[in-house]
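So the structure is just underneath, and the comments pick up after that.
Both counts, for ligands and for their atoms, begin at 1 and track the order of listing. What you see is a predicted model; the values in this text were computed from it and never measured. Sequential numbering from 1 along the given sequence is applied to the chain's residues. For the numbers below, each heavy atom of this structure counts, side chains included, while hydrogens, waters and symmetry mates do not.
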Amino acid sequence: MELIRTVDGMQAHAGDARRAGETLALVPTMGALHDGHLALVRAARQRADHVTVSIFVNPTQFAPDEDFDEYPRHLEQDMEALDAVGGVDVVFAPPVEEMYPDGQQAQRVWVDVEELDQHLCGRYRPGHFRGVLTVVMKLFQACKPHLGVFGKKDAQQYLLLRRMAHDLAMDVEVVGVPTVRETDGLARSSRNRYLTPDERAQAVVLSRAVQAARKRILGGEQRPTAIVEAMRHELAQAPDAKVQYAELVDTTTLAPVSELEAGQEVLAAVAVYFGDTRLIDNAFVQVPAAP
Ligand code: AMP
């Protein structure tokens, strides 16, 4: 496993691998790796000859009041975890100056999103997805992957990246991997470590909420309001949970659904604060044919 810290070095390495006929996969992460990230690595390894994991805490996707400075950074531990899981060829861990060589303020060209960032997380995190899509575009340019592997846990991010690849005719396949969970259902997240033991116990309501939505939809419930109500009911079981949103949206428009149609793919999604810690969860569900 090779550690590469420069864009030039990464491009040269990836160019060589491509010329050798290898299929390249990239797993972009912000480090503080956990089992969720490692599942992406395994998925990448199954699909590609060459796997790069990038570790970069991207400043342009954090708002000034968000946790950029506090975000956990443990490169050595992350390298050990990747070594242990095996099958990773390169860790690409550039310093900020490599990714924003003129400084982020000087950058003039960005990947912007229309409409799809006005829903779910994007509504509450203005500029977040512009930062995400722009950095993923840069990571793709540096690492030259055939496949980009992402978690469905960050559903809006995954759907926007698919849309970016489609709308910009990019020669990269965006692959989504199901969410890896703790035994009680809580989605693995680098931010779970911020939770107090009491908050951690209460945080199980997120997965219960989206599972309740799934169950209602698969059980034939047709009313989006009843499905959202079922999610809110589960979230209300946690006394310290402050719900930012609980929504049922269409996976193409990301807009709330007013009517469920057989065969439609919908996303039941929640975002909840425990203190300053913001957690998200979701379920992708195919609406069944009416009984
Ligand atoms: P992050 O380091 O939080 O930016 O996440 C890097 C990648 O790992 C993203 O594609 C996430 O969606 C994915 N990821 C994070 N947590 C999980 C999880 N619990 N299960 C599956 N993928 C995850």
Task: Donor-acceptor under 3.5 Å (E247 side chain, H119 main chain) - done: no
TODO: Under 4.0 Å from a heavy atom of P28: give me the atoms of ligand 1 that qualify, with their elements.
DONE: 6 (C), 7 (C)
Open item on the list: Pairs of nitrogen or oxygen atoms closer than 3.5 Å, one from F150 and one from ligand 1: do any exist?
Closed with: no
Task: V177-ligand 1 polar pair, N/O distance under 3.5 Å - done: no
Open item on the list: Within the supplied structure, the quantity of interest is the number of heavy atoms (other residues, nucleotides, ligands) at a distance under 6.0 Å from R123 CZ; does it exceed 12?
Closed with: no
TODO: Report, in ascending order of atom number, the atoms of ligand 1 lying under 4.0 Å from any heavy atom of G151.
DONE: 9 (C), 10 (O), 11 (C), 12 (O), 13 (C), 22 (N)
TODO: For atom 17 (C) of ligand 1, state which one of H34, R181, M30 supplies the nearest heavy atom.
DONE: H34
Open item on the list: Please list the nearest protein heavy atom to atom 20 (N) of ligand 1 with its residue and the distance rounded to 0.1 Å.
Closed with: V180 N, 2.8 Å
- [ ] Enter the distance from E66:CD to H128:NE2 here, rounded to the nearest 0.5 Å.
- [x] 7.5 Å
Task: ligand 1 atoms in contact with T179 (distance to a heavy atom under 4.0 Å) - done: 19 (N), 20 (N), 21 (C)
Task: V27 contact mode with ligand 1 (heavy-atom cut-off under 4.0 Å) - done: neither
Task: Over all atoms of both residues, closest heavy-atom pair of L33 and D78 - done: N-OD1, 3.0 Å
TODO: Of the side chain and backbone of P178, name the one, both, or neither that has a heavy atom under 4.0 Å from an atom of ligand 1.
DONE: backbone
Task: CZ/R208: more than 12 non-hydrogen atoms of other groups inside 6.0 Å - done: no
Open item on the list: Take a 6.0 Å sphere around CG of D49 and say whether it holds more than 12 heavy atoms from other residues, nucleotides or ligands.
Closed with: yes
TODO: Return a yes/no value for H37: is any of its N or O atoms, backbone included, closer than 3.5 angstrom to an N or O of ligand 1?
DONE: yes
- [ ] Work out which heavy atom in F56 is nearest to a heavy atom in M30; give both atom names and the distance.
- [x] O-CG, 3.4 Å
Open item on the list: Under a 4.0 angstrom heavy-atom cut-off, which atoms of ligand 1 come close to Q157?
Closed with: 9 (C), 10 (O)
Open item on the list: If the cut-off is 4.0 Å to any non-hydrogen atom of L40, which atoms of ligand 1 fall inside it?
Closed with: 7 (C), 8 (O), 10 (O), 13 (C), 22 (N)
Task: R73 atom CZ: more than 12 heavy-atom contacts under 6.0 Å - done: yes
TODO: Report, in ascending order of atom number, the atoms of ligand 1 lying under 4.0 Å from any heavy atom of D154.
DONE: 11 (C), 12 (O)
Open item on the list: So if I count the atoms of ligand 1 from 1 in the order they appear, which ones are less than 4.0 Å from some heavy atom of K153?
Closed with: 16 (N), 17 (C)
TODO: Would you check whether R188 has a nitrogen or oxygen atom less than 3.5 angstrom from a nitrogen or oxygen atom of ligand 1?
DONE: yes
TODO: Assess the pair H50 and H13: is the distance between their ring centroids shorter than 6.0 Å?
DONE: yes
Task: Atom CG of D171: over 12 foreign heavy atoms under 6.0 Å - done: no
